[in-house]
Protein chains: 2
Amino acid sequence: MLSNSSKYALKAVLYLAVHSSMEKKILAKDISEPINVPRAYIAKILQELSRHNMVSSMRGPGGGFYLNEENKKTLLFDIINLIDGDNRLTSCVLSLHKCDNENPCPMHHLVDDTKASFVKKLKETSVEDLTSEIRSGKSFLPI
Amino acid sequence: MLSNSSKYALKAVLYLAVHSSMEKKILAKDISEPINVPRAYIAKILQELSRHNMVSSMRGPGGGFYLNEENKKTLLFDIINLIDGDNRLTSCVLSLHKCDNENPCPMHHLVDDTKASFVKKLKETSVEDLTSEIRSGKSFLPI
DNA sequence: TCCTAAATATGACTAATATCATGTTTTATA
DNA sequence: TATAAAACATGATATTAGTCATATTTAGGA
Ligand code: FES
Ligand code: FES
């Protein structure tokens, strides 16, 4: 469904959404442990996210990663697209070149609507949309 | 979503469902070309499917692969599970160890029902269920 | 201005998938 | 019974995804 890298990206961003702010920056190594992702690897992913304005960062002493208000509006879809490439979610389940109703593969009619609704949800949901649920204890960040 | 291997497996089985019978066996190399999968690779996958009674085969001259009536009842879900392992489809999108309502990850409520309905369809649909659509030209096997 | 703490950039290493190649066994037929 | 055609089994290689390591740049504080 999703690559490990994009799962890690989502976990890191959600962790920052809940625990960080401009005043409370978090070090890469302090993100890696609670979300259970290797340090150097999450650092690399955070840099990619930073380059594309999905997380904010500050170097030097007292620096770290955090989300500003704009960052929190990032859509889940955009994070996944950045890390996994833009057609992992929308491509044909049998790898036909184009997935549409004109030239449907044998599984197209079976999966098209659930695939579409999955993508739709990812396009409608921003990082901050998920944070209230985490804050109120209705869902949990993976250990 | 699915690995290449399981996509290839599905394509091969569907191709056999439409074009083969006990009387009309098909060589591995004559499957590989129309479904656009490397010869040696599809042969390997067909052997795995054969070992688990999802396709039938016969060695020697005049031999090849085909589907018997029982093979055609194989569920799409079983093919994917055989090739990809049994939790690629049902596991948590953020790789939490257990995906359930007791300990939901931040994305669980967002994706649970579409994930469940996707798996449900794969569990309800057999190979032969898809063949009539292909035969009647409502869907197409990938080139 | 110098030192240190942090992100950043880059590349090397490792593991998992995917692909290719080669030899062995089975079966039909001459 | 010899031959050839096919699946079957096994392992080697290549490619990609994931992980680790190291050097560089930036920012704050002494
Ligand atoms: S054409 Fe295959 S899923 Fe749409
Ligand atoms: S717990 Fe993550 S999808 Fe269910």
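Order of the sequence lines fixes the chain letters, A, B, ..., with proteins taken first and strands second; residue numbering starts at 1 for each chain. It should be emphasised that the depicted structure is a prediction, and the values quoted were computed from it without experimental measurement.
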### Query
Can you list the residues that meet the side-chain hydrogen bond (donor to acceptor under 3.5 Å, both in side chains) rule with A/Glu33, with sequence neighbours excluded?
none

### Message
Tell me the interatomic distance from B/Met58, atom CE, to D/dC8, atom P, rounded to whole angstroms.
### Response
11 Å

### Query
When hydrophobic residues are tied together by side-chain contacts of less than 4.5 Å, even through go-betweens, does B/Leu110 share a cluster with B/Leu96?
no

### Inter-axis angle, terminal five-pair segments of the helix from C/dT1-D/dA30 to C/dA30-D/dT1 [nearest 10°]
10°

### Contacts of type side-chain hydrogen bond (donor to acceptor under 3.5 Å, both in side chains), residue A/Asn4, not counting sequence neighbours
none

### Task
May I have the distance from B/Ile31 (atom CD1) to D/dA7 (atom C1'), rounded to whole angstrom?
11 Å

### Message
Check this one for me: any side-chain N or O of B/Ser3 less than 4.0 Å away from OP1 or OP2 of C/dT17?
### Response
no

### Query
Considering only heavy atoms, which members of residues 59-89 of chain A lie under 4.0 Å from some atom of DNA chain D?
A/Arg59, A/Gly60, A/Pro61

### Query
Is it the case that A/Thr74 and A/Asn71 place a side-chain donor and acceptor less than 3.5 Å from each other?
no

### Message
Test side chain to side chain donor-acceptor pair (under 3.5 Å) on B/Asn87 and B/Thr90; report intermediate values, then the result.
### Response
CA-CA 5 Å; B/Asn87 56 4; B/Thr90 53; over 6 Å; no

#### Entry: Salt-bridge contact B/Lys72-B/Glu69 (side-chain N to carboxylate O under 4.0 Å)
yes

### Query
When clusters are formed by joining ILVMFWY residues with side-chain heavy atoms under 4.5 Å apart, either directly or through shared neighbours, do A/Tyr41 and A/Ile80 land in the same one?
yes

### Task
Verify the neighbour count for atom CZ of B/Arg88: are there more than 12 heavy atoms of other residues, nucleotides or ligands below 6.0 Å?
yes

### Query
Can you find a side chain N or O atom of A/Tyr8 that sits less than 4.0 Å from OP1 or OP2 on D/dT19?
yes

#### Entry: Salt bridge present between B/Lys121 and B/Glu124 (N-O < 4.0 angstrom)
no

### Task
If you link ILVMFWY side chains whenever their heavy atoms are less than 4.5 Å apart, which other residues fall into the same cluster as A/Met22? By chain and number, please.
A/Tyr66

### Query
Expressed in angstrom and rounded to an integer, what is the separation of B/Ile26 atom CD1 from D/dA7 atom C1'?
15 Å

#### Entry: Whole angstrom value for the distance that separates C1' of D/dA7 from CG of B/Leu27
10 Å

### Query
Phosphate oxygens OP1/OP2 of D/dC8: is one of them under 4.0 Å from a side-chain N or O of B/Ser57?
yes

### Task
Check DNA chain D against residues 33-52 of chain A and give the residues with a non-hydrogen atom under 4.0 Å, in numerical order.
A/Pro38, A/Ala40, A/Tyr41, A/Lys44

### Query
Quick one: do A/Val119 and B/Val119 end up in the same hydrophobic cluster if we chain Ile, Leu, Val, Met, Phe, Trp and Tyr together by side-chain heavy atoms under 4.5 Å apart?
yes

### Query
If you check the A/Asn4 side chain, which of C/dA7, D/dG18, D/dT19 turns out closest?
D/dG18

